[in-house]
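Report on one structure; see the data block that follows.
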Amino acid sequence: MHSAIGLRWLLVRRCRALVSGTARAASTAAPSGRRRLPADGPGLAEFVAGSAAPAAPPPEGAELPVPLGATELEHGLGRRVLFVVHGCQMNVNDTEVAWAVLQQAGYQRAENISEADVVFIMTCSIREGAETKIWNKLENYKRLKASKGYTGSQFKVGVLGCMAERLRQRLVEADVGVDLVAGPDSYRHLPRLLAQPEDAGAAVHVQLSLEETYADVQPVRLDPHAPAAYVTIMRGCDNMCTYCIVPFTRGRERSRPLDSVVEEVRRLSEQGVREVTLLGQNVNSYRDMSGSRNSAKATRLAAGFSTVYRPKTGGTRFADLLSAVADVDPEMRVRFTSPHPKDFPDEVLRVIAERPNVCSCLHLPAQSGSSRVLADMRRGYTREAYLELVRHVRRMVPGVALTSDFIAGFCGETEADFEETLSLMREVGYQYCFLFAYSRREKTRAHHRLVDDVPPAEKQRRVAEMARLYRAMAQQLNTRQVGSTQLVLLERPSPRSPDSLLGRNDANVKVIVPRRWAGAPLAAGQYVAVEVTGASSEVLHGRPLERTTLQEFARQHDPPSAPNELLGDDPEASQCVV
Ligand code: 5AD
Ligand code: SF4
């Protein structure tokens, strides 16, 4: 079932990976005998100072992971774990890493709460609303524990991920029945933390690492039958946008060695996976410093873009990784998220344009259309530089679909600033937008230095207005697709209609097709050439033309020539009608 020796080796190997943040393992006893908890969240200086420095060896006194002993392994046997995942795709993949570690220690998966001995909530801290949901969930579990009369060893509640990192102390002290707290770099420790005796209090491990990439942990997929999978290629963020908590919860940027990424993609391909999404907080800032392919070249940022950190040099860059991943299996689609607009040199755009299996769909999170607000956010670009990048991307990758994130009501955002955001949205014409009301996060620069002066109702009004605009644009873009032939990868039954399947086109737009075609059922994981017959702002409807392969489709069809844009280069050409 599991190999104690293998796991022991795994944990010993990672000893070097753990270096100190301000956080220390909480479960160590202070000299007074009282448990010492790390203060909530690491500090700003920890991430800014020497941000271009290579990973350091562990300082003296840094806590090292204890190899699993008989107690930990015995503890896992027969126990069932339920995962409840909140937040981004990174959290889904992190859950798969945590699950891999626990499975090796003998744990089994619970399908629902009634059969669970342990429930782990993978958490998100990005906005207050995300955290509120998790506090409510914890209250529910606490009530459940009380109603069933469970002791701590019968039913444990663990908080994993960003909120664990940010609120470690509050989670333990809040009396919401939390037994375990583990941050994003602490999943190797889960078996040990779970085996900790009940009377030692909550088990806490929240030390951030400069090296941890879980490169040697094979994630176990939560849905092993899905034709699409995630592969994390880098972790952390060095950008320090003034609104964002991520650098504090996920730590500094570090990339996984290229060979280990390629190996995992190869394994997924052998398992029949047809689409991989490469993941990272700044996925295109990928830089593998581990291997022989290191180049001395400094990073070339997109024109008009800057960073808060010193230029980084050396390492294998994202374009090389993307190309190597695309080579693994020409029948496997490759996507990536979430990138930062600064890291789109021409090498990356060329790989996207030239490889039929790298999807022509780019997430370019703009956040705002006002240069003044962008400066306050420390995004490192102006509205003009962003729009120039969009034009450049469209020249190099004709037909590319663009998506974005926007924040409404950031500190000091005036109505005029907001109008600039709406006009940027119109000018670009996004296929999809993620829209957020600004949420003030402790420890960020905006929290310290700027005033959160847009009233909540006004933030909501602005989000609603952006949503109206975005939906109208998406409707327009999708309607233009009617009559075209597109390659669709079928994913799963349509949640709305049992007689239909849901798939996605190259631009990642959902496409609904009939389940039966030419007298036989279609299946998840198949590529189908589809004629688009109808469109709403969210989905396309289509008629299957033939079962096909990615390469066959690429040979027969030119890449989309009608650009997925509303205005193109000429702002006068075609206004979005909303
Ligand atoms: N408030 C609102 N939205 C935020 N985001 C990040 N931090 C905040 C915040 N404090 C949004 C950004 C980012 C996306 C993942 O979440 O748009 O790109
Ligand atoms: Fe949320 Fe960001 Fe953490 Fe993902 S990385 S879970 S979006 S705070």
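Just follow the structure's listing: the first ligand is 1, and inside any ligand the first atom is 1. The first residue of the sequence shown is numbered 1, and numbering continues consecutively from there.
- Of the heavy atoms in C124, both backbone and side-chain atoms come closer than 4.0 Å to ligand 2.
- For ligand 2, the atoms closer than 4.0 angstrom to any heavy atom of Q281 are 5 (S).
- Side-chain N/O atoms of R221 and T95 include no donor and acceptor closer than 3.5 Å.
- Closest to atom 1 (N) of ligand 1 among all protein heavy atoms lies S439 N, 3.0 Å.
- At the top of the distance list for atom 2 (Fe) of ligand 2, counting protein heavy atoms only, stands V246 CG2, 3.1 Å.
- In this structure, R109 is not positioned above the aromatic face of F83 in the sense of NZ or CZ being under 6.0 Å from the six-membered ring centre and within 45° of the axis.
- Among the atoms of R440, none of the N or O lies under 3.5 angstrom from an N or O of ligand 1.
- For H86, no heavy-atom contact with ligand 2 is shorter than 4.0 Å.
- Neither side chain, Y230 nor E96, offers a donor N or O lying under 3.5 Å from an acceptor on the other.
- Under a 4.0 Å heavy-atom criterion, C88 is not in contact with ligand 1.
- Applying the 4.0 Å criterion to heavy atoms of I407 picks out, from ligand 1, the atoms 3 (N), 4 (C), 5 (N), 12 (C), 17 (O).
- No side-chain N or O of R445 forms a donor-acceptor pair with one of H448 less than 3.5 Å apart.
- Residue R441 places no N or O, backbone or side chain, under 3.5 Å from any N or O of ligand 1.
- Classification of the F305-Y381 ring pair by plane angle, with boundaries at 30° and 60°, yields tilted.
- Ranking protein heavy atoms by distance to atom 18 (O) of ligand 1, first place goes to D405 OD2, 2.6 Å.
- Just one of R250, R188, R254, R256 meets the salt bridge (Lys or Arg N to Asp or Glu O under 4.0 Å) condition when paired with E212; it is R188.
- Not one N or O of Y438 is nearer than 3.5 Å to an N or O of ligand 1, by distance alone.
- Close approach of ligand 2 to N91 (heavy-atom distance below 4.0 Å) involves ligand atoms 6 (S).
- Remark: the D185 side chain and the S209 side chain contain no N/O donor-acceptor pair separated by less than 3.5 Å.
- The proximity of M90 to ligand 2, defined as any non-hydrogen pair under 4.0 Å, does not occur for either the backbone or the side chain.
- Against a heavy-atom cut-off of under 4.0 Å, T123 is close to the following atoms of ligand 2: 6 (S).
- Considering only non-hydrogen protein atoms, atom 7 (N) of ligand 1 sits nearest to Y243 CD1, 3.3 Å.
- Side-chain atoms of T403 and H363 form a donor-acceptor pair, as typed in the model, at a separation below 3.5 Å.
- Distance from atom 3 (Fe) of ligand 2 to its nearest protein heavy atom, with residue and atom name: C162 SG, 2.2 Å.
- Which of C88, G87, G161, A130 comes nearest to atom 4 (Fe) of ligand 2 through a heavy atom is settled by distance: it is C88.
- In this structure, the protein non-hydrogen atom closest to atom 12 (C) of ligand 1 is Q367 OE1, 3.4 Å.
- When each atom of ligand 2 is checked for a heavy atom of R250 under 4.0 Å away, the hits are 3 (Fe), 5 (S).
- Side chain of Q281 to main chain of C237: no donor-acceptor pair is present (N/O by atom type, distance under 3.5 Å, no hydrogens or angles).
- Side-chain contact between V181 and V172 is present, with at least one heavy-atom pair separated by less than 4.5 Å.
- In summary, the atoms of ligand 2 found under 4.0 Å from a heavy atom of I126, numbered by their order in the structure, are 1 (Fe), 2 (Fe), 7 (S), 8 (S).
- A distance-only check finds a donor-acceptor pair linking the side chain of D288 to the backbone of S290 [under 3.5 Å].
- The backbone N or O of P365 sits nowhere less than 3.5 Å from a side-chain atom of Y386 that would complete a donor-acceptor pair.
- Taking the side chain as every heavy atom from C-beta outward, V454 and Y438 never approach each other to under 4.5 Å.
- Among all non-hydrogen protein atoms, the one lying nearest atom 4 (C) of ligand 1 is R127 NH1, 3.3 Å.
- From the protein, the heavy atom lying nearest to atom 2 (C) of ligand 1 is A437 O, 3.3 Å.
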